[in-house]
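Remarks on the structure that follows.
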Amino acid sequence: MDAMVRELSYAQAIQEAMAIAMDMDERVFLMGEDIGVYGGAFQVTGDLVERFGADRVMDTPISELGGAGVAVGAALTGMRPIFEFQFSDFATLAMEQIVNQAAKMRFMLGGEVSVPVVMRFPAGSGTGAAAQHSQSLEAWLGHVPGLKVIQPATPYDAKGMLLAAVADPDPVMIFEHKLLYKMKGPVPEGYYTVPIGKADIRREGRDLTIVATSIMVQKALDAAAALEAEGIDVEIVDLRTIRPMDKQTVIDSVKKTSRLMCVYEAVKTLGIGAEVSAMIAESEAFDYLDAPIVRLGGAETPIPYNPELEKATVPQVPDIITAARDLVKGVR
Amino acid sequence: MAAASKAAADSRANLPFVYRQYSAEQLKQVLYKMYLIRRFEEGAEESYTRGLIHGTMHLSIGQEASAMGICMPLGEDDQITSTHRGHGHCIAKGAEVKRMFAEFFGKTTGYCKGRGGSMHIADVGKGNLGANGIVGGGIPIAVGAALSSKMMKTGKVVVSFFGDGANNEGAFHEALNMAAVWKLPVIFVCENNGYGMSTSTARSTAVKNIADRAAAYSMPGVIVNGNIFSEVAEASHKAVERARAGEGPTLIESKTYRHRGHSKSDRNRYRTKEEIEDWMSNRDPITLFENELREFGFIDDKGIEAIRDAVAQEIADGIEFAKASPSPDISEAGNYVYTEQA
């Protein structure tokens, strides 16, 4: 019999995944700032401390570098820590441990060790938190061999990919868009995994491939629904994992639609869109392209405080509609 | 027999710590290992000069008593994290020099299969979680290993070696604080050799003694003469007991000196010849230990000679092993980035 499927929020789905992981394996524990009785800045850990105790839902001091290092060291020596950054922006304080240590340790030691650490990063803009609490830095970490970097876009994937991350022997960085935390969707009870490194076709279409990440998947779906009324049939690829990237799914989609648009919230330049575009330009799908590739990304500015400015700096549904229409109709 | 050993113990009653704590055989083994570290460093340096080793390296000549003294009370299951100047720690924790040479030569028989080299030398099987190319990088990792020990109740103690330079890194402060808050079985060992590259501790560090910083994190701060094996071992012994008893971390400052420069690029313009000469002639840790062993009747000149010869042979054999070992195939350059999964 299929597991009971309920409507859960993205945050509840993550919380359920962490509880299942801790129930299944006593080596799994949570670390982070104010994740205990406070419940986490975004209430993702919620009341888990009541169920699992303060030893397994550990509040850390405000020490991102040290805390990340402790998680790396614990993972290296047999534990399975899940480390929550309060905001993904604070990864900047811990880059040493993430980039120099966690990512490289297995390689530097010739395969003698693994570092099964999971790090969770609440990311993105839209909460009025301004420039130091709103960034999308996933491409920074996606540039580092040794890390796996994922961006679940639905409650279902948030749970299944987190459980896949806990089971993974290598460091997995999970970027969770803060505006997704309240998004509801169907989530089965119990244990299941969604594979890391596999994109998902969220909507099939003929005229255009949109490769989207994280919250842009939903925005692209909304845009596609509007475009359908105009007779434009959009295919949407949810990249889900940015390292290792599922190239084949994107290539196959572009070969089918002959048009590619990349939509992502992070700063446009030198980002995921550049990587996907270049990958397609290098692939057999290049010959199938009927139009130049289009990237819709964040503005080349920090995220502003003013809500209208804030919205204007990242792609919104009308931007996607306009760009997709222009691309399909050959408007340059 | 019992009476004889009691008599032997009584005769040692007024001697420094290690001569009461350890057998003559164990102490001779310490001397052997101190020589092994010294000759390993010299062998590595010579191999570098002859072009057999590339890159760079940071030699710990002059710091042998520190590495050996700290590791003396550790068991094989206990763990260490080490530094860019980590060859001595690796040997002190039980590594084989032949596999260390092989690593420096970039060979598949090396501890890291030629992927790490000097700066990432490790011996996970013997509890050495690795040297580190980032100053202070290993300190939080050691705290994490100590957290594993506490959570899994393995009883392991973890030692984090670092240099004086690392005590001004944020990682040092964050790690000491967390270890103290959580009462973890970890020992922080600052090998203060006076200089972070060219910058003296007087110019870089606001406190006179790095051990003074322990007070800020509510842990004992112990200063030892890092060139006197017994002093180092005694401090380590106490810190290990404290850690195993669940009483939390200790910061040991082992004051020592590196005879060589920071790395192979060092022109030595920040230290006087007189200063270096003084440390080499009057405070060499091997000479000091050897003199004590001789004075207290644990070894004679013949015994010392035998140790030197045996070490020379082990070093020569190690270098030959490294030379004869195969290099990794270029087709395997991408291995070990991720864990291979079925």
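Only the backbone of B:Asn335 comes within contact range of chain A, judged by heavy atoms closer than 4.5 Å. Only the side chain of A:Asn100 comes within contact range of chain B, with heavy atoms under 4.5 Å apart. Residue contact with chain B, scored on non-hydrogen atoms closer than 4.5 Å, involves the backbone of A:Leu147 exclusively. Interface remark: B:Val124 contributes side-chain atoms only to the contact with chain A (heavy atom separation under 4.5 Å). In this structure, chain A has no heavy atom under 4.5 Å from any part of B:Ile139.
Closest non-hydrogen pair, B:Ser148 versus A:Gly73, comes out as OG-O, 4.4 Å. In terms of heavy-atom proximity, B:Thr339 sits nearest to A:Pro169 at CB-CG, 3.5 Å.
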The test is side-chain contact (heavy atoms from CB on, under 4.5 Å); show your working for B:Leu147 and A:Met58 and say whether it passes. CA-CA 11 Å; B:Leu147 180 63; A:Met58 281 178 69; 4.1 Å; yes
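Inter-residue side-chain proximity for A:Arg106 and B:Tyr338 is flagged as unmet; no heavy-atom pair is nearer than 4.5 Å. Looking at A:Met105 and B:Ile141, their side chains come closer than 4.5 Å, going by heavy atoms from C-beta outward. Within the 4.5 Å cutoff, the side chain of A:Pro61 has heavy atoms near those of the B:Trp182 side chain. Using a 4.5 Å heavy-atom threshold, the side chains of B:Ile134 and A:Glu96 count as touching.
One distance of note links CG of A:Asp170 with CD of B:Gln341; it measures 6.5 Å at 0.5 Å rounding. Here B:Ser149 contributes atom OG and A:Met79 contributes atom CE; the two are 11.0 Å apart, rounded to the nearest 0.5 Å. Rounding to the nearest 0.5 Å places CD of B:Glu340 at 8.0 Å from OG of A:Ser114. In this structure, CG on A:Leu109 lies 9.0 Å from NZ on B:Lys113, to the nearest 0.5 angstrom. Note that the CG atom of A:Leu76 and the CD atom of B:Gln79 stand 7.5 Å from one another [nearest 0.5 Å]. For the atom pair CG of B:Asn132 and NZ of A:Lys104, the computed distance is 11.5 Å after rounding to the nearest 0.5 Å.
With chain A as partner, the option from B:Gly130, B:Gly137, B:Gly117, B:Pro328 having the largest number of non-hydrogen pairs under 4.5 angstrom is B:Gly137. The residue among B:Ala171, B:Pro140, B:Gly110 with the most heavy atom pairs within less than 4.5 Å of chain A is B:Pro140.
Counting non-hydrogen atoms of other residues, nucleotides and ligands closer than 6.0 Å to CD of B:Glu247 gives a total above 12.
Comment: B:Arg115 does not engage A:Glu112 in a salt bridge, judged by the lack of any side-chain N to carboxylate O separation of less than 4.0 angstrom.
Contacts between residues 64-72 of chain A and chain B, counted as heavy-atom pairs separated by less than 4.5 Å, involve A:Glu64, A:Leu65, A:Gly66, A:Gly67, A:Gly69, A:Val70, A:Val72.
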